[in-house]
Protein chains: 2
Amino acid sequence: MLGPDPRLDAVFAALADPTRRAILARLVEGEAAVGELAAPFSMSQPAVSKHLKVLEHAGLVERSIDGSRRPARLRPEPLAAASTWLEDYRALWEARFDQLDGVLRSMARKEDDA
Amino acid sequence: MLGPDPRLDAVFAALADPTRRAILARLVEGEAAVGELAAPFSMSQPAVSKHLKVLEHAGLVERSIDGSRRPARLRPEPLAAASTWLEDYRALWEARFDQLDGVLRSMARKEDDA
DNA sequence: ACTGTATATAACTAAATAGTTATGAAACTT
DNA sequence: AAGTTTCATAACTATTTAGTTATATACAGT
C-alpha cells in the first residue's frame, strides 16, 4: 500500500530548505523574476538561480521568458501530491492508534472482569 | 504570514529519502527493532541506525529500550505540522488562482463590452 | 553602436549525506 | 563463564549540496 514515489524525493528535498520555502512564499503573491527574489535574501543572484533550478526540477516552479527576465511562477500539483502522501499517512496512523485504543479498551474490560 | 519554521527543515529533509519513507511505512504496522527494519532493505544495519537517527532528530520516530533491542515507533505530530504547512500553502494558492480567475473574468466582461 | 541590466553558467570550496567495514558494549542463551 | 545476538559508534569514502566569485550571453535603453 502506498508504494514508493520517486517524485516525492525531489519535492520533499526542495521543501527542506528554508530559503526555497521563502521563495515559494514570495511566489504565492505572484510571479517574480530572479532579481526580485534575490533582493530580500542576503544571497548572491547565482545562488537564487540554483534554488530556482531545484524548485523547477521538483516541478514546483515554472519559468517563462519575458525579454531578458525569466520570471518564475508556482505550480501547485507536486505540492498536492506531497500533501496527499502526508494525509494518507496521517490516516493510517490514526487508524493504527484507534486500533491500539481498541486493544487497550478490551484489556481494560478484562481487568474489570477479573 | 506563515513565517519560517526551522522544524520543517528536519521533517522535510527526513521525508526526502525513499528508504526513510519506507521505514515509516513499515512502522505504521507497529513498532519494530533495527534488525527487522534492516532486513527488507539491502542495506547494512548501521545504515538503518543512521536513518533512524535522522527520523528521530526530525521527531518522527521515538526509540525505546527492550532488553538489547531498541524498537522504534512512530510519532505523528511532526507529520501533522508538515501537512498543515502544505495545506496552508495549497489554500493560499487556490485563493491566488481564484483571484486570477476573477481578473480573467472581468477582462472577459470588458471584451464583451467592447 | 554602446552601456547597462538580467540572468545563466563555470569553476571552485566547504559542509552535509548516505553508504561502507570494523569494532565495542549490553544483554540474552546455554 | 562463554558465546551469540542486538545495536551503536568510529573512521573512512564518495556524492551531493549550498554557497561563492568570475565570466559570458542576451536583451534594453540611449
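Just so we're on the same page: letters track the sequence lines, and every chain starts at 1.
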Atom pair distance, as rounded to whole Å: CG in L52(B) and P in dT6(D) | 15 Å
Salt-bridge criterion met for K53(A) and E56(A) (N-O under 4.0 Å) | no
Go through dA8(D), dT20(D), dT7(C) for me and flag the one nearest to the S44(A) side chain.
-> dT20(D)
Do you know which two heavy atoms are closest between L27(B) and A32(B), and how far apart they sit?
-> CD2-N, 3.7 Å
Most 5' of R20(B) and P71(A) on DNA chain C, judged by nearest nucleotide | P71(A)
What are the two closest non-hydrogen atoms of V11(A) and P78(A), and how far apart are they?
-> CG2-CB, 3.8 Å
Specify the separation, in whole Å, of atom CD of E31(A) and atom C1' of dA6(C).
-> 15 Å
Is it true that a side-chain atom of R63(B) and a backbone atom of R70(B) form a donor plus acceptor pair closer than 3.5 Å?
-> yes
Would you say dA8(D) has OP1 or OP2 under 4.0 Å from some side-chain N or O of R63(B)?
-> yes
R75(B) side-chain N/O to E62(B) backbone N/O, donor-acceptor pair under 3.5 Å = no
Taken to the nearest whole Å, NE2/H51(A) to P/dA18(D) is 6 Å
If you take all heavy atoms of R69(B) and E36(B), which pair is closest and at what distance?
-> NH1-OE2, 3.1 Å
Take the protein atom CD1 of I65(B) and the nucleotide atom P of dA8(D), then report the distance between them rounded to whole Å.
-> 10 Å
Of all heavy-atom pairs linking R20(B) and A14(B), the shortest is NE-O, 2.8 Å
Determine: side-chain N/O of R69(B) to OP1/OP2 of dA26(C), distance under 4.0 Å, yes or no.
-> no
Send over the distance from F41(A) CZ to dA18(D) C1', rounded to a whole Å.
-> 15 Å
L15(B) atom CG is separated from dA18(C) atom P, nearest whole Å, by 12 Å
Please determine, for the side chain of D17(B), which listed nucleotide (dT20(D), dC7(D), dA18(C)) has the closest atom?
-> dA18(C)
How is K50(A) classified with respect to the nucleic acid when contacts are heavy atoms under 4.0 Å: base, sugar-phosphate, or nothing?
-> base
Over how many whole Å does the gap from K53(B) atom NZ to dA10(D) atom C1' extend?
-> 11 Å
So what does A13(B) hit on the nucleic acid, given a heavy-atom distance under 4.0 Å: a base, only sugar-phosphate, or nothing?
-> nothing
So which protein N/O to nucleotides 22-30 of chain D N/O distances come out below 3.5 Å?
none

What is the distance from CG of L37(B) to P of dA8(D), rounded to the nearest Å?
-> 10 Å
